[in-house]
There are 2 protein chains.
Amino acid sequence: MAGRAAVPEVIWARPERTGRGPKPAYSRRDIVDAAVRIADADGIDALSMRRVAAELGCGTMSLYNYVPRKEDLYELMVDAVSGEYELPEEPSGDWRADMTGIAYQTRAIMYRHPWLARVMTTAYGYSPNALRFLEWCLGCLVPLDAPPGLKMQLIAMVNGTVMATVANEQAMAERARGLPWSEEEEQAVRGAYLMGQVASGRYPHLAGLLAEAPAAPADPEEIFALIIARLLDSFDPGAKGQPLSGEPFTEA
Amino acid sequence: MAGRAAVPEVIWARPERTGRGPKPAYSRRDIVDAAVRIADADGIDALSMRRVAAELGCGTMSLYNYVPRKEDLYELMVDAVSGEYELPEEPSGDWRADMTGIAYQTRAIMYRHPWLARVMTTAYGYSPNALRFLEWCLGCLVPLDAPPGLKMQLIAMVNGTVMATVANEQAMAERARGLPWSEEEEQAVRGAYLMGQVASGRYPHLAGLLAEAPAAPADPEEIFALIIARLLDSFDPGAKGQPLSGEPFTEA
DNA sequence: CCCCATTACGTACGGCGTACGTAACTACGA
DNA sequence: TCGTAGTTACGTACGCCGTACGTAATGGGG
């Protein structure tokens, strides 16, 4: 009659254990760590319940004592890496500096865990570490005189922008193997398509752009810094009108 | 000896047919349209090769005559819906207006095809319609005096921002079923967790925010307009310093 | 002390992407 | 004109996947 719960609950509300029965051989954290390890090493597509069980040396179905569904595992993974933020005791008082730091930390985390972008779009909820993160951001934004809704929007935009930027970088890197300015010419087949299209004359502006800047794009580091700065500017009442210098993009 | 190609090619370089053999019963477009129809109706997770074949009334493996791998099907789907942009013959000359229009079109497309956000992170390349889109954007940005790299960045940022915004909206809507201010109180179990956490006193800022603005967030329409305007501002040399009014977020 | 909630986990089911083989068909070179 | 080679259609099958379910072992609470 007891049976397994029909899992209408949020994973965070489900207690890890209840005290009766044999001692669990693992903890929820063990499973999640193993999953993160696998996803880091071999990509998110290589992550399966069987693989996690193998990594831990237990039967596949044992995992379901700790994690009700694979989807919940994703959520736990996102929460786990969200715990990697190093948040000082107190905000610095300079909300721009604090949020910039957050953006850089987010980017670092996404570099460490390239699967995050893919997973976060589906599995980002009010996990404990997400609440911790949100709380800290709101603390940083106390000096900013703005209504709460706007602050939430700012936080979401910083997160989303970092995610979009990194996802774009990663997609670029993935695609770079087919670009004509790639390392080797061996699979010029892929690049040939693009160049053929551009050479067709149907895309004059794009052709001009490629002619002007045929090399790889500028230092992503500078681009990232500029983007975040611009974003924060747009929320900053005291931001000075930037002169819009595009130099960093071409000279580097 | 002929066999099937080892698919090192980009899908766009592969011709649809070569002229020999029996007439194909379908076109690549037929398959892609069916796939889009399925994903629109039942979600991207319901999309399988078997399902597409069933929709078309043919054998599953027949599809592989048109689409070498499922991953390519995703790419074709993204390209197909990218064809939904209505791009006038000539840019208006007002690049801000043009890019704002693009942002709204992108959002409309993402509303029509909620699976886009999930798929675009993996399957966004130099498809024909992507090139068409890029070319048109570059045409719009001719009046903007900026180096090519910056223009590309602007386009990517507009796209990324729209995507992040819509993805966030969709995740919110998905998650809204568990929020305390949801339609019904029936599954208050989920919301109870969040409220319990907030009530624990560990998240004073968040608690304050929820206390101030307990209702649903402001009109997404206004938020979207403001975000895009701010983003374009940050690239606009002649942008007037906005007074940062947060009113639209609270009064609505 | 013993009962039963809980853990571990083997088996099995339905679904997936897709490799491969076969048969029917048609455009082209002889 | 006619083989024949290249294509299309598609059934079968393999090795994955998530996970429902049943069984045996375990150990804390009444």
Side-chain angles (χ1 to χ4, degrees), chain A residues 1-8 11 14-31 34-35 38-39 42-77 119 122-123, chain B residues 1-8 11 14-31 34-35 38-39 42-77 119 122-123:
Chain A
M1 186 53 63
R4 298 156 199 272
V7 282
I11 180 74
R14 165 181 290 229
E16 180 143 8
R17 18 171 336 194
T18 47
R20 205 64 154 266
K23 286 182 183 169
Y26 311 97
S27 70
R28 195 179 275 174
R29 188 57 201 251
D30 290 333
I31 277 87
I38 292 168
D42 296 342
I44 193 69
D45 290 327
L47 180 71
S48 71
M49 298 304 271
R50 284 168 170 84
R51 177 83 189 270
V52 174
E55 176 95 2
L56 260 56
C58 70
T60 306
M61 293 314 291
S62 304
L63 300 179
Y64 286 88
N65 287 314
Y66 304 88
V67 176
R69 304 185 316 273
K70 197 195 184 186
E71 190 184 329
D72 291 315
L73 182 57
Y74 288 143
E75 219 157 326
L76 289 164
M77 290 169 70
V119 165
T122 56
Chain B
M1 186 52 62
R4 298 156 197 274
V7 279
I11 179 74
R14 164 182 290 231
E16 182 143 6
R17 22 172 331 195
T18 47
R20 206 66 154 264
K23 285 180 185 171
Y26 311 97
S27 71
R28 196 180 273 173
R29 188 58 200 251
D30 291 333
I31 277 87
I38 292 169
D42 295 344
I44 192 70
D45 290 326
L47 180 71
S48 70
M49 299 303 270
R50 284 168 168 83
R51 177 80 189 272
V52 173
E55 176 94 3
L56 261 55
C58 69
T60 306
M61 294 315 290
S62 304
L63 300 179
Y64 286 88
N65 287 314
Y66 305 89
V67 177
R69 304 186 314 274
K70 197 195 182 184
E71 189 184 328
D72 291 316
L73 182 58
Y74 287 142
E75 219 157 325
L76 289 164
M77 288 169 72
V119 165
T122 56

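Order of the sequence lines sets the chain letters (A, B, ...), proteins ahead of strands, with each chain counted from 1.
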Nearest-Å distance for atom pair [atom1]/[atom2], residues [X] and [N]:
X: Arg28(B); N: dT8(D); atom1: CZ; atom2: P; answer: 11 Å
X: Asp30(B); N: dT8(D); atom1: CG; atom2: P; answer: 14 Å
X: Lys70(A); N: dA20(D); atom1: NZ; atom2: P; answer: 14 Å
X: Asp72(A); N: dG18(D); atom1: CG; atom2: C1'; answer: 13 Å
X: Arg14(B); N: dT7(D); atom1: CZ; atom2: P; answer: 11 Å
X: Ile31(B); N: dT8(D); atom1: CD1; atom2: C1'; answer: 12 Å
X: Glu71(A); N: dC17(D); atom1: CD; atom2: P; answer: 18 Å

Checklist entry - What residue pairs, at least two apart or across chains, pass salt bridge (Lys or Arg N to Asp or Glu O under 4.0 Å) with a residue in residues 50-68 of chain B? => result Arg37(B)-Glu55(B), Asp42(B)-Arg51(B)
Checklist outcome for this item: Heavy-atom closest pair (Tyr26(A) atom, Leu56(A) atom, distance to 0.1 Å) is OH-O, 3.2 Å
Item to check | Nearest atoms (heavy-atom pairs only) where Arg29(B) meets Glu16(B) | outcome: N-OE2, 4.1 Å
Next on the checklist: From the set dT18(C), dA9(D), dA8(C), return the single nucleotide nearest to any side-chain atom of Ala25(A).
Outcome noted: dA8(C)
Next on the checklist: By nearest atom, which of the nucleotides dA20(D), dC20(C), dG18(D) is closest to the Met61(A) side chain?
Outcome noted: dA20(D)
Does [N] have OP1 or OP2 under 4.0 Å away from a side-chain N or O of [X]?
X: Tyr64(B); N: dG17(C); value: no
X: Ser62(B); N: dT8(D); value: no
X: Tyr66(B); N: dA9(D); value: yes

Next on the checklist: I'd like to check the side chain to side chain contact (heavy atoms under 4.5 Å, CB included) partners of Ala35(B); sequence neighbours left out, ordered by chain and number.
Outcome noted: Leu47(B), Val52(B), Leu73(B), Met77(B)
Item to check | Set of residues satisfying side chain to side chain contact (heavy atoms under 4.5 Å, CB included) with respect to Pro24(B), sequence neighbours excluded | outcome: Arg17(B), Tyr66(B)
Item to check | nucleotides 23-29 of chain C: protein proximity per nucleotide (B base, S sugar-phosphate only, - neither; heavy atom, under 4.0 Å) | outcome: --BSB--
Checklist entry - Going by heavy atoms closer than 4.0 Å, what residues in residues 44-56 of chain B are next to DNA chain D? => result Arg50(B)
Next on the checklist: Can you list everything that forms a side-chain hydrogen bond (donor to acceptor under 3.5 Å, both in side chains) with Ser48(A)? Sequence neighbours excluded, please.
Outcome noted: none
